[in-house]
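A short worksheet on the structure shown next.
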There are 2 protein chains.
Amino acid sequence: MTSGTPTQQSPHAVTLERPALEDAREAIADGIEREALVTVFGRCTVDYEGRASSVLEAGDRHVMLKPDGAALVHTDEGQQPVNWQPPGCEHDVYCDRAGAVDGDEDNDGAGDDDGTDALVLESLRSNPDERLLVRFQRVLQVSTFSGTDENELALSGTEEDLRQRLLEEPALLEPGFTPLATERATPAGAVDIYGEDSAGRTVVVELKRRRVGPDAVSQLRRYVDALTRDLHADADVRGILVAPSVTDRAERLLGEHGLEFVSLEPTDG
Amino acid sequence: MTSGTPTQQSPHAVTLERPALEDAREAIADGIEREALVTVFGRCTVDYEGRASSVLEAGDRHVMLKPDGAALVHTDEGQQPVNWQPPGCEHDVYCDRAGAVDGDEDNDGAGDDDGTDALVLESLRSNPDERLLVRFQRVLQVSTFSGTDENELALSGTEEDLRQRLLEEPALLEPGFTPLATERATPAGAVDIYGEDSAGRTVVVELKRRRVGPDAVSQLRRYVDALTRDLHADADVRGILVAPSVTDRAERLLGEHGLEFVSLEPTDG
DNA sequence: GTATCTATCTCGACC
DNA sequence: GGTCGAGGTAGATAC
C-alpha cells in the first residue's frame, strides 16, 4: 500500500459477512472512496467486452479491486485471474433491480432481502475501450484493506544480471572479446552488447536468461543483417547468442545463418 | 470452485480478524486441508528462490492460496502479483519462534501475544525447484472461502476466431485463395494456414489477432524459407501476414523479404 | 517430460 | 502517445 500519505491510519481490515446487497454496495463504495484494497467473494456472472469479449456464467469467485484501478476475478484454479482489468480503470458499484438472472429466480441466498436483484461491479477502461462487469447474485463476504508498503521487490537472476556478468568478464564470451557498447541502436532494434573480437571483427551479442528457441535466433539474425548493411556491404559481422542452452530447432537455425552460441547462466550459481 | 464433489457444502466464507498468529496458523492449515481458497492480509516479508530470486522487505500485502496449489502475493498496485507460485505447489503454514525480524523488535501489533514471532507460509515447487516464503509479523485478517464454479470462460475474438473467419470466407485474404490445410507442419514449425492462390502458387498465411511487430514477420519468413526448401529449390512461395495492422519496422521487414500483408480483424465488429 | 506459440499477455523503457 | 523487448512470463498443445 504505497498510499503512504501523511494521513495514513494504522493498517486495518474491515469485513462484512453475508451482507445484504445494499450493505455490500455501501461498504465497497466506501472502500473505493478511501482508496482501500477491496475484495468481494460470492456468486456472480462476469462479462468482458473490449479487445476480445468473454462471458462467464454464475459461480462463486473472488474479486479484488485495487486503489490503482486494477480489477481481478479469481476462481479457485490457476495463477491467472479468469477476468481482469489493468490499473487505471474506473471502478463503479451499484445495485440493480432490473437485472434478474435466469436460473436464480428463487432468491434463497443471503443478501436478497432488500429488494435488489444484483450487486454490480463495473470497471471501465479507455484506450482501448474495455468494460468488465461482475454481477453478484449473492455476496458471502466483503472486505476492505488498508496498509502501508514502502518497499519494492529486489529481483536478481535477470537478463540484466547476465549482461553485467559478461561486461565485467568479457572473456566469458571468448578470449579477446572487447565490449564497445550496450543497447546499440540498429534499424532492427537495440543490440544487447556490441563489440569486437581479437581480430577486430564486429561482434553482436544477444543475451537470454534462459533456454532459447527460434525467436531469439531470428532476433539476432535481424541485428546482424541490419549491422552488416549499416557498416559496409562486405563487413564481417559475427552474431553470438548467449544463453544457458538452445533448443534443437534454434541450434539448426543458428547453423543455417552462420551464427554462434555461447552457453552462460545469468548467475555464477 | 470446480471442486464440486458430492460432499460439497453450500458456499461459505469464514473470517478471523486480527487473530493471534497461532490462531491464524490453525485457520489457514484447516483451509488448506479442506481445499478452500485461503487469503491472508497483514505485514509480511517475501522471499523467492528458484529460476531467479527475489527479496521483498516488510509491508502490508494480500496473499491468496488456491486449492490447486497456486499462491499469489498482491500489493495494492498492479495487475500482477508481486510474487507468486504456479498451480501444483505444496503449501505449508507454521509459526516460527526463531525468526526475529529486524526493525520489528517491539511487537506492538496484534497476534504477538502467543509467544510466536512470525507466521510463515511456504509454497514449494519441483521441476524447477522453487520456493516462496511469506513471513507474517502481523496478521490483520484470515479468510477461507468455499463454493462451486462449474462454468468455464467463453472467450471470443481470439486468433482462433480469426482463423475461422478466414477459412469460412477465403476471399477475405484475396479473390481466388484456396485454403488447403491448417497447422501444416514445416521444419520451422506449424503454419497457421497453408493454401494456393488463383495462379496455383503456394501461400503461407500467418495470423495475428492484433497489431504486429518484427517478431511475427520473422516467424512468417522462417515458414516461407522452410517451405521453399521443402517443396522445390525454385518453388514460388508467397508469405502473407494477416493482422489488424503492422508497425513501421515490421512493414519494412515485410518489404525486404518480399512478404505481403492483409489487414483483417478477428471479428466483424 | 520438452518444445513451440498464443495472450484481453503485463510491464518498463525509450523515442 | 506508439514501439519495442523482457518476463520467475502463464497457459495450451503437440511431440
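By convention in this document, chain letters (A, B, ...) are assigned in the order of the sequence lines, proteins followed by strands, and residues within each chain are numbered from 1. Atom set for the values below is all heavy atoms of this structure, side chains included, hydrogens, waters and symmetry mates excluded. These figures come from a predicted structure and were not determined experimentally.
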Practice task
Please work out if B:Gly78 contacts a base, only the sugar-phosphate, or nothing of the nucleic acid, heavy-atom cut-off 4.0 Å.
Solution key: sugar-phosphate

Practice task
May I ask you to say what B:Thr158 touches in the nucleic acid, namely base, sugar-phosphate or nothing, with a heavy-atom cut-off under 4.0 Å?
Solution key: sugar-phosphate

Handout entry: Whole angstrom value for the distance that separates C1' of C:dT8 from CZ of A:Arg125
Key = 8 Å

Practice task
Give a yes/no on whether any side-chain N or O of A:Arg131 is located under 4.0 angstrom from OP1 or OP2 of C:dT8.
Solution key: no

Practice task
Indicate yes or no: does A:Asp192 engage A:Lys208 in a salt bridge with an N to O separation below 4.0 Å.
Solution key: no

Exercise for the section: Calculate, to the nearest 0.5 Å, the distance between atoms CD and CZ belonging to B:Glu160 and B:Arg209 respectively. Expected result: 13.0 Å

Exercise for the section: Would you mind telling me which of C:dT8, D:dG7, D:dA10 lies closest to the side-chain atoms of A:Tyr48? Expected result: C:dT8

Completion exercise
Taking for A:Val246 and for A:Leu132 the nucleotide of DNA chain C with the nearest heavy atom, the one nearer the 5' end belongs to A:Val246

Exercise for the section: Examine the base of D:dG8 for any acceptor or donor lying under 3.5 Å from a partner atom in the side chain of B:Asn83, and report the outcome as yes or no. Expected result: yes

Exercise for the section: Would you kindly give the CZ-to-P distance between B:Arg210 and C:dA7, to the nearest whole Å? Expected result: 8 Å

Problem - Atom-to-atom span, CD of B:Glu251 to P of D:dG2 - whole angstrom - result: 17 Å

Practice task
Report the nucleotide, chosen from C:dT8, D:dG8, D:dC4, that has the shortest atom-to-atom distance to any side-chain atom of A:Ala52.
Solution key: C:dT8

Exercise for the section: Write down the distance between CZ (B:Arg163) and P (C:dC5), rounded to a whole number of angstrom. Expected result: 13 Å

Exercise for the section: Searching all strands shown, indicate the nucleotide that pairs with C:dT8 (Watson-Crick or G-U wobble; both distances under 3.5 Å). Expected result: none

Practice task
Select base, sugar-phosphate, or nothing to describe what A:Glu160 touches, counting heavy atoms under 4.0 Å on all strands.
Solution key: nothing

Handout entry: Of the listed nucleotides D:dT9, C:dT6, D:dG5, the one nearest the side chain of B:Glu159
Key = C:dT6

Exercise for the section: Using a heavy-atom cut-off of under 4.0 Å over every strand shown, decide if A:Glu206 touches base, sugar-phosphate, or nothing. Expected result: sugar-phosphate

Exercise for the section: For A:Ala188, report the nucleic acid contact type (base, sugar-phosphate, nothing); a contact means any heavy atom under 4.0 Å. Expected result: sugar-phosphate

Handout entry: Distance-only donor-acceptor test (3.5 Å): side chain A:Gln80, base D:dG11
Key = no

Fill in the blank from the handout: The nucleotide from D:dG11, C:dT2, C:dT10 with an atom nearest the side chain of A:Arg51 is C:dT10

Practice task
Ignoring backbone atoms, establish whether A:Tyr223 has a side-chain N or O less than 4.0 Å from OP1 or OP2 of D:dG5.
Solution key: yes

Handout entry: A:His62 and B:His74: CA distance, side-chain angles, deciding distance, ring pair (Phe, Tyr, Trp, His ring centres under 6.0 Å) verdict
Key = CA-CA 14 Å; A:His62 182 278; B:His74 274 279; 9.3 Å; no

Practice task
Between C:dT8, C:dC5, C:dA3, spot the one nearest the side chain of A:Arg211, thanks.
Solution key: C:dA3

Handout entry: Side-chain donor/acceptor contact of B:Gln85 with base of D:dG8 under 3.5 Å
Key = yes

Practice task
Assign A:Pro81 to base, sugar-phosphate, or nothing according to its heavy-atom contacts below 4.0 angstrom with the strands shown.
Solution key: nothing

Fill in the blank from the handout: CG of A:Leu166 to CG of A:Leu264, rounded to nearest 0.5 Å, is 6.0 Å

Problem - Listed nucleotide nearest any side-chain atom of B:Arg249, set D:dG8, D:dC4, C:dA3 - result: D:dC4

Exercise for the section: Output the single nucleotide from C:dC11, D:dG1, C:dT6 whose closest atom is nearest the side chain of B:Gln79. Expected result: C:dC11

Practice task
State whether a side-chain donor-acceptor pair under 3.5 Å links A:Thr45 with A:Arg135.
Solution key: no

Practice task
State, without any angle test, whether A:Thr158 and A:Asp161 hold a side-chain donor-acceptor pair at a distance under 3.5 Å.
Solution key: yes

Problem - Atom pair distance, as rounded to whole Å: CG in A:Leu56 and C1' in C:dT8 - result: 14 Å

Exercise for the section: Just call it for B:Pro86: base, sugar-phosphate, or nothing, with non-hydrogen atoms closer than 4.0 Å on any strand. Expected result: base

